[in-house]
Asker: 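What follows is a single structure, and I will ask about it in a moment.
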Amino acid sequence: MRCWRDLGGLGTLMTLGGHWGQWEHQGHWGVGDTGDSGDRGGIWDIGDIWSTGDIEDIGDIGDIEGTLGTLGYLGTGGSWGCLSSWGVAWGMSPSVPNVPNVPPVSPEYVVRHWQEDAFFGEQFLSGVNPVLLRRCRRLPPNFPVSEAVVAPSLGPATSLRREMEAGNIYLADYGVLQGIPTALIDGRPTFVAAPLCLLHQRPNGDLLPLAIQLSQEPGPSAPLFVPQDPPWLWALAKVWVRSAEFQVHEALTHLLRSHLLGEVFALATLRRLPPQHPLFKLLVPHTRFTVQIGALARRFLLNPGGAVALGRRGLLALVARGLRALRWRSLVLPRDLRHRGVAATKCHHFGCDATKVWRAIRRFVTSLLSLYYPADGAVAQDSELQEWVREIFRRAFLGRPRSGVPSRLETRRDLVTFVTAVIFNCSALHAATNSGQFELSAFPPNAPAAMREPPPTCKAALSEQEFLAALPAMNTTATVLAVLWVLRNEPMDMRPLGHYPERHFTESAPRRLIRRFRRRLRRISRQIRARNAALERPYPYLDPENIENSVAI
């Protein structure tokens, strides 16, 4: 294990090489050759992966790769045969509605609903990347959506301007992907778009797409796609948005904000705070396994060879760009929700549940730290605390004042906010961005890791085969499936939020506050489960019983 001094902070954190055990021969997320390029049709569809009945019994990555390799998927770089048989393994067809006995939080549910505009929109609120969407009061100048373009979707009783004024229009902007280099897979180029997607929330809470532009530069070669376009064309436009969502989620929301920042928080705590310090006792349970999983993740994410369009070079470029744009307000949940204008958005299950968890953490942190910092002066005079904050400012945010990250804390209020943000991002945010990956991303059209054709530049109708030709190849799909299967499995000794078996605090007062914190979390858990019982697709990821204390996988 390298020491933190050798790592040099987040600026060099992404440059370490190496491999992760059995991942070495695949290099799953990087650049390189993964097999032949022969097409297969008929039974050679993604549904067959599941119809073998073997996947559910697979435990580790070696087993799943062996099964997928035996079936021929890892060595087949061609297109899937057709969409209609992708649901065979679930005992259903994607075209047959109202099939009973489909689990509500599962890849099967995605197979049944992926083409629905309402499900497409719902994932901005309750998917694995719920931190991108923002309320749109004014269209950006590079997104020329007119009243006439969206009138068929909005209907005659309203207008785009009226819905904007009412706060019902939202924007998903993937401009951060503009110009990011992509990789070769099987010797073929892959493609990433930087789309803009405009959405409208109806009175019933459904969030529906109104228009999609697959480039940041409007013009004849960047048409506006709308729900009235030919079905496969509209489906492809949405798939391009979902592919951009996959890249941003994995590189920025999950890797950068959860894993890499979590590792800096962990190492700063271990380096700058002595074990007897109250902040060390409070924070060390939220660093469990974080350094280890960070080292492993860097190695398998950045190996040459793999299945994600960005590859090693593109991933590094995107993380660097994301770090430059990262602001302290985005790590402080209430400020982030207000800044993006989604604090009061209907059916925003992430926002609702995250707010409850944030408040519970903040209340606990406030009460506990007041035992050791009776006044603001005690904060300002704690040299070890100030070194800890300065380490995070320098190592995680590269000492950039524009980030808004404090380099020094002067008041108890600022200390509480800082510590709450650290705990929340190491626990709840990681749960929200990691736990649903397999369920929502295993079905390729809902989260394509690597598009094989460039974005459409005209509005000509497409066939199903032309649609499939743009999606990830069979071996890419199988490799991504293997990775997601591993990421879905929480540690066998998972420690839910608020569970501190090491008993770093031995005094009666902090132990009493810990018990009170856990009672609040149990109440939140009951509320979330009662809400979920009435939902068609529950949102369980921020149930405190499902939140790991730390970034442990």
Side-chain angles (χ1 to χ4, degrees), residues 23 26-35 37 46 49 61 64-65 68 73-80 86 107 110-111 114 123 127-129 174 176-177 180-195 214 235-236 238-255 297 300-319 433-434 436-455 467-488:
W23 291 95
Q26 287 293 335
H28 288 78
W29 298 96
V31 188
D33 244 348
T34 54
S37 57
I46 191 169
I49 293 179
I61 186 63
I64 194 169
E65 286 188 338
L68 295 172
Y73 298 113
L74 288 176
T76 303
S79 300
W80 294 95
W86 282 16
V110 176
V111 170
W114 72 275
Q123 293 177 81
V128 292
N129 189 34
Y174 298 90
V176 70
L177 291 171
I180 294 292
T182 57
L184 296 176
I185 297 179
D186 293 331
R188 291 183 50 174
T190 57
F191 302 89
V192 169
L214 298 180
L236 183 61
K238 290 190 293 181
V239 163
W240 272 103
V241 174
R242 293 297 305 161
S243 181
E245 177 85 345
F246 180 92
Q247 312 299 336
V248 169
H249 162 254
E250 292 295 354
L252 302 185
T253 311
H254 187 203
L255 177 61
F300 89 82
L301 282 170
L302 296 179
N303 262 347
V308 173
L310 295 184
R312 184 181 189 276
R313 181 180 169 215
L315 180 64
L316 289 171
L318 182 55
V319 169
T433 60
N434 180 75
Q437 289 186 99
F438 181 80
E439 288 75 16
L440 291 174
S441 304
F443 187 61
N446 197 56
M451 300 295 283
R452 295 184 296 153
E453 298 290 340
F467 174 84
L468 288 170
L471 292 179
M474 295 174 66
N475 56 357
T476 301
T477 301
T479 300
V480 171
L481 176 62
V483 175
L484 295 175
W485 181 265
V486 173
L487 294 179
R488 77 179 299 208

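Positions are given from 1, in the same order as the sequence printed here.
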Asker: Are the charged groups of Glu453 and Arg188 less than 4.0 angstrom apart, N to O?
Answerer: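 Here Glu453 pairs with Arg188 in a salt bridge, since their nearest N and O are under 4.0 Å apart.
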Asker: For Pro445 and Val239, which heavy atoms make the closest approach, and how far apart are they?
Answerer: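 Distance-wise, the nearest heavy atoms are O-CG2, 3.4 Å.
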Asker: If every non-hydrogen atom of Pro195 is compared with every non-hydrogen atom of Ala244, which pair is closest and at what distance?
Answerer: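 The pair with the smallest heavy-atom distance is CD-CB, 3.6 Å.
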Asker: What's the separation between atom NE2 in His254 and atom CD in Gln437, rounded to the nearest 0.5 Å?
Answerer: 5.0 Å
Asker: Can you name the nearest heavy-atom pair linking Gln123 to Asn446, along with the distance?
Answerer: OE1-ND2, 2.9 Å
Asker: Are the side chain of Thr190 and the backbone of Ala183 linked by a donor-acceptor contact shorter than 3.5 Å?
Answerer: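 The answer is yes, because a donor-acceptor pair under 3.5 Å joins these two groups.
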Asker: Check whether any side-chain N or O of His249 sits under 3.5 Å from a backbone N or O of Thr433 as a donor-acceptor pair, and report yes or no.
Answerer: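 Pair found, side chain donor or acceptor close to backbone of Thr433.
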Asker: Is any side-chain heavy atom of Pro454 less than 4.5 Å from a side-chain heavy atom of Phe191?
Answerer: yes
Asker: On a heavy-atom basis, which atom in Ala447 and which in Leu440 lie closest, and how many Å separate them?
Answerer: CB-O, 4.2 Å
Asker: Would you please test Phe246 and Val308 for side chain to side chain contact (heavy atoms under 4.5 Å, CB included) and show each step?
Answerer: CA-CA 10 Å; Phe246 180 92; Val308 173; 4.2 Å; yes
Asker: Drop me the distance from Glu250's CD to Leu318's CG, to the nearest 0.5 angstrom.
Answerer: 11.5 Å
Asker: Minimum heavy-atom separation for Ala470 and Leu236, please, with both atom names.
Answerer: CB-CD1, 4.0 Å
Asker: What's the separation between atom CD in Gln247 and atom CG in Asn129, rounded to the nearest 0.5 Å?
Answerer: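 Those atoms lie 11.5 Å apart.
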Asker: Quick one: OG1 on Thr476 to CD1 on Ile185, what's the gap to the nearest 0.5 Å?
Answerer: 4.5 Å
Asker: Name the residue from Leu315, Leu310, Leu316 that meets the side-chain contact (heavy atoms from CB on, under 4.5 Å) definition with Ile180.
Answerer: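 Exactly one pass, corresponding to Leu310.
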Asker: To the nearest 0.5 Å, what is the distance between CD (Glu245) and OG (Ser441)?
Answerer: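 That separation rounds to 9.0 Å.
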Asker: Working to the nearest 0.5 angstrom, can you tell me the gap between Thr479 OG1 and Leu484 CG?
Answerer: 11.0 Å
